[in-house]
Every structure is written in structure tokens, then in C-alpha cells.
Amino acid sequence: MTDRIPVLTIDGPGGAGKGTISGLLAGRLGWHLLDSGALYRLTAAAAIKHGVALNDESAVAALAGSLDVAFPVEDGKTRTLLEGEEVSRLIRTEQMGEQASQIAALPAVRTALLQRQRDFRHAPGLVADGRDMGTVVFTDAPLKVFLTASAEERARRRHLQLQEAGMNASLSSLLKEIQARDARDTQRSVAPLKPANDAITLDTTRLSIPEVVERLSELLAQKGLTSDT
């Protein structure tokens, strides 16, 4: 039964390190990976690809329900495939992030993607990265973590990522966008961003990626959750 397959949920705001940490842990454990935030970006990308207006809730929801996506982890790096096409870089633009946040506020889209997300739960286990993995999607997960960091630090990290990718961006503009997205995500009526009641909150502002991975590995060990579970 799928409910016996262990799930580690990692929720938190954008820029807290969820994606990188989740991919590293999934690779280390040999577990499957769900990048739920990417699902919304992928839905937005698919809507644009197929000429569906982002404010057409029913049409976007229909597209989301049949979304053809995969998140293979290879050599510690996560790939994102949409209809078999590599779109990892395409969906990580700030514009796509804004579009994803818009459609994530549509109840019909969230409903359509709910079962799609739960279908990622396969043996030996699943690392689920998102904003409502522990509060909505996998409420029975044996370990729930909420990663956070200051808005300033998250803007700095995003700015560095864009610079390394050869893309220009204003640090002050990134900070404003992150603050606006945080407000929208925490205040929305459907699945607002917040820690699950039984989640462990970890502030990554002053922690390195290896330090966060080790801390979560310790928590998994304390719960008896391994690739052999």
C-alpha cells in the first residue's frame, strides 16, 4: 500500500534551499523526487506552449490533470522533463515563477494537481519539495520539515544563481519580488504557505548546503527512515 511508503516533506518559501537539498537527499537515499513547485511552473509552461490563457481556470486545470512530467536525479543533479523535453532552465526564470504563483492560487488547478502529486509516492520512498507537502498533500508523512531563511538571504542566493547562469538581475528587485510572493503565498485562501503542525522548522540563513543535508539526514536516521525502509 502506498501509504506505507515513507515520505519526507520539505516545505518553505522560495530561496530557502528546498530544491537543492531535496535533490541531494533523494540521490543519497535512492528515493524518488517530487518538485511540486516545478509542477506549477511546468503547468504554466505547458499552458503557454499549448496556447491556454493563465486566467482560464478550467482549461489550465484540465491541462494540469494530464501533465506529462518527470524529475530524474542523475549524479546528484535533478533534471526536469516536460513531455520528454528538458526544461530545467526554462522554468526557473523569474517570469515563470510569477506565472506559477498566479496559477497556484487557482483552486481548480491545485485540485487537479493534488492526485498527480500523490502519484509520485513509490517505493522505496519519496522526497517531496514544495509549499504544502506536509500540510495538504502528504499529511501522513513520518517526517515533515519547513526550511526557511530571511528574505534578504534568499534574494542574495537567487541573485548569485542568476549571475552564475550569466543572467542579469537587480538584487533590490529580486528582494521585492520575493517579499511580494511570500505575501501572496502566505495570505492565499487555498493551502497558504505555513509549517505543518508537526513539522520541524529549520532556518538555513546561516547554514551551508552540506550542513542542512547532514541535519536532515540525522532527522531521517532518528525516525528510522532509510532507503531500506
Side-chain angles (χ1 to χ4, degrees), residues 7-52 54 60-104 106 109-110 112-122 125-133 137-138 147 154 157-158 160-167 169 174 177-178 181 185 193 209 212-213 216:
V7 178
L8 163 61
T9 63
I10 302 181
D11 289 317
K18 303 187 308 294
T20 300
I21 300 303
S22 297
L24 289 171
L25 280 171
R28 173 182 287 197
L29 294 166
W31 286 11
H32 298 281
L33 175 67
L34 165 59
D35 180 350
S36 69
L39 285 184
Y40 291 96
R41 290 170 180 259
L42 287 160
T43 300
I48 293 169
K49 179 179 180 179
H50 295 288
V52 175
L54 296 180
V60 175
L63 190 62
S66 59
L67 204 59
D68 177 11
V69 298
F71 305 104
V73 179
E74 301 172 358
D75 298 324
K77 296 183 179 180
T78 305
R79 299 176 62 212
T80 304
L81 306 180
L82 172 62
E83 298 174 4
E85 178 184 357
E86 173 67 65
V87 292
S88 300
R89 185 164 181 171
L90 170 67
I91 66 169
R92 292 304 171 187
T93 64
E94 289 302 306
Q95 180 181 12
M96 195 64 72
E98 286 298 313
Q99 293 169 332
S101 187
Q102 290 175 36
I103 65 171
L106 302 176
V109 174
R110 301 193 71 87
L113 284 176
L114 181 58
Q115 187 57 49
R116 185 71 187 85
Q117 293 172 91
R118 288 174 174 161
D119 288 341
F120 276 86
R121 192 173 194 169
H122 295 292
L126 174 68
V127 178
D129 154 21
R131 285 173 167 77
D132 61 356
M133 296 297 95
V137 183
F138 300 106
L147 291 188
R154 288 184 282 131
R157 292 173 183 174
R158 181 58 178 159
L160 181 60
Q161 284 180 332
L162 292 173
Q163 285 184 322
E164 291 175 343
M167 302 170 68
L174 288 173
E177 289 171 3
I178 284 174
R181 193 177 305 173
D185 289 345
L193 173 64
I209 290 172
V212 177
V213 170
L216 296 189

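Hydrogens, waters and symmetry mates play no part in the numbers below; they use all other heavy atoms, side chains included.
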Worksheet item: Going by heavy atoms in the side chains, are Thr80 and Arg89 under 4.5 Å from each other?
Response: no
Item to complete: Side-chain contact test, heavy atoms from C-beta onward, threshold under 4.5 Å: evaluate it for Val213 versus Arg28 and give yes or no.
Response: yes
Discussion item. Ring-plane angle category for Phe71 and Phe120, please: parallel below 30°, perpendicular beyond 60°, tilted otherwise.
Written reply: tilted
Discussion item. Using a 3.5 Å distance criterion without hydrogens, assess whether the side chain of Arg154 forms a donor-acceptor pair with backbone atoms of Ala16.
Written reply: no
Practice prompt. For the pair Leu42 and Val87, evaluate side-chain contact (heavy atoms from CB on, under 4.5 Å) and give the outcome as yes or no after the intermediate values.
Written response: CA-CA 8 Å; Leu42 287 160; Val87 292; 3.5 Å; yes
Worksheet item: Can you name the nearest heavy-atom pair linking Ala100 to Ala44, along with the distance?
Response: N-CB, 4.3 Å
Worksheet item: So, the side chain of Arg110 versus the backbone of Ala104: is there a donor-acceptor pair under 3.5 Å, distance only?
Response: yes
Worksheet item: To the nearest 0.5 Å, how far apart are CZ in Arg92 and CG in Leu162?
Response: 12.0 Å
Worksheet item: Are the side chains of Asp185 and Ser101 in touch, meaning some heavy atoms are under 4.5 Å apart?
Response: yes
Worksheet item: Do you know the tightest heavy-atom contact between Gln117 and Phe138?
Response: O-CZ, 3.6 Å
Worksheet entry | Trp31 side chain reached by Leu25 side chain, heavy atoms, under 4.5 Å | no
Worksheet item: Would Arg118 and Gln115 count as having a side-chain donor-acceptor pair, cut-off 3.5 Å?
Response: no
Discussion item. For Lys18, is there an ion pair with Asp11 - N to carboxylate O distance below 4.0 angstrom?
Written reply: no
Practice prompt. In sequence, state the C-alpha distance, the side-chain angles, and the governing distance for Leu34 and Met133, and then conclude on side-chain contact (heavy atoms from CB on, under 4.5 Å).
Written response: CA-CA 10 Å; Leu34 165 59; Met133 296 297 95; 4.0 Å; yes
Worksheet item: Can you find a pair of side-chain heavy atoms, one from Leu126 and one from Leu33, that are under 4.5 Å apart?
Response: no
Worksheet entry | Any donor-acceptor pair under 3.5 Å from Arg116 side chain to Leu67 backbone | yes
Discussion item. Given 3.5 Å as the limit, does a donor-acceptor pair link the side chain of Thr9 with the main chain of Ala128, or not?
Written reply: no
Worksheet entry | Closest approach of Ile209 to Leu24 (non-hydrogen atoms, all atoms of both residues) | CG2-CD1, 3.5 Å
Discussion item. How long is the straight-line distance from CG of Leu147 back to CG of Leu216, given to the nearest 0.5 Å?
Written reply: 6.0 Å
Discussion item. To the closest 0.5 Å, what do you measure between OG (Ser36) and CZ (Arg131)?
Written reply: 8.0 Å
Fill in: Euclidean distance, Ile48 CD1 relative to Leu63 CG, rounded to 0.5 Å
11.0 Å
Fill in: Closest non-hydrogen atom pair, Ala38 against Ile91
CB-CD1, 4.0 Å
Worksheet item: How far does CG of Leu90 sit from CG of Leu82, to the nearest 0.5 angstrom?
Response: 8.5 Å
Worksheet entry | Min side-chain heavy-atom separation Val137-Asp132 under 4.5 Å | yes
Practice prompt. Would you confirm whether Glu83, through its side chain, and Glu85, through its main-chain N or O, come within 3.5 Å as a donor-acceptor pair?
Written response: no
Practice prompt. Determine the minimum heavy-atom distance between Arg121 and Val7, stating which atoms define it.
Written response: NE-CG2, 3.2 Å
Worksheet item: How many angstroms lie between atom OG1 of Thr43 and atom CD1 of Ile103, to the nearest 0.5 angstrom?
Response: 4.5 Å
Worksheet entry | Test salt bridge (Lys or Arg N to Asp or Glu O under 4.0 Å) applied to Glu98 and Arg181, step by step | CA-CA 8 Å; Glu98 286 298 313; Arg181 193 177 305 173; 3.2 Å; yes
Discussion item. Under 4.0 Å between a side-chain nitrogen and a carboxylate oxygen: does that hold for Asp35 and Arg41?
Written reply: no
Discussion item. On a heavy-atom basis, which atom in Tyr40 and which in Leu113 lie closest, and how many Å separate them?
Written reply: CE2-CD1, 3.5 Å
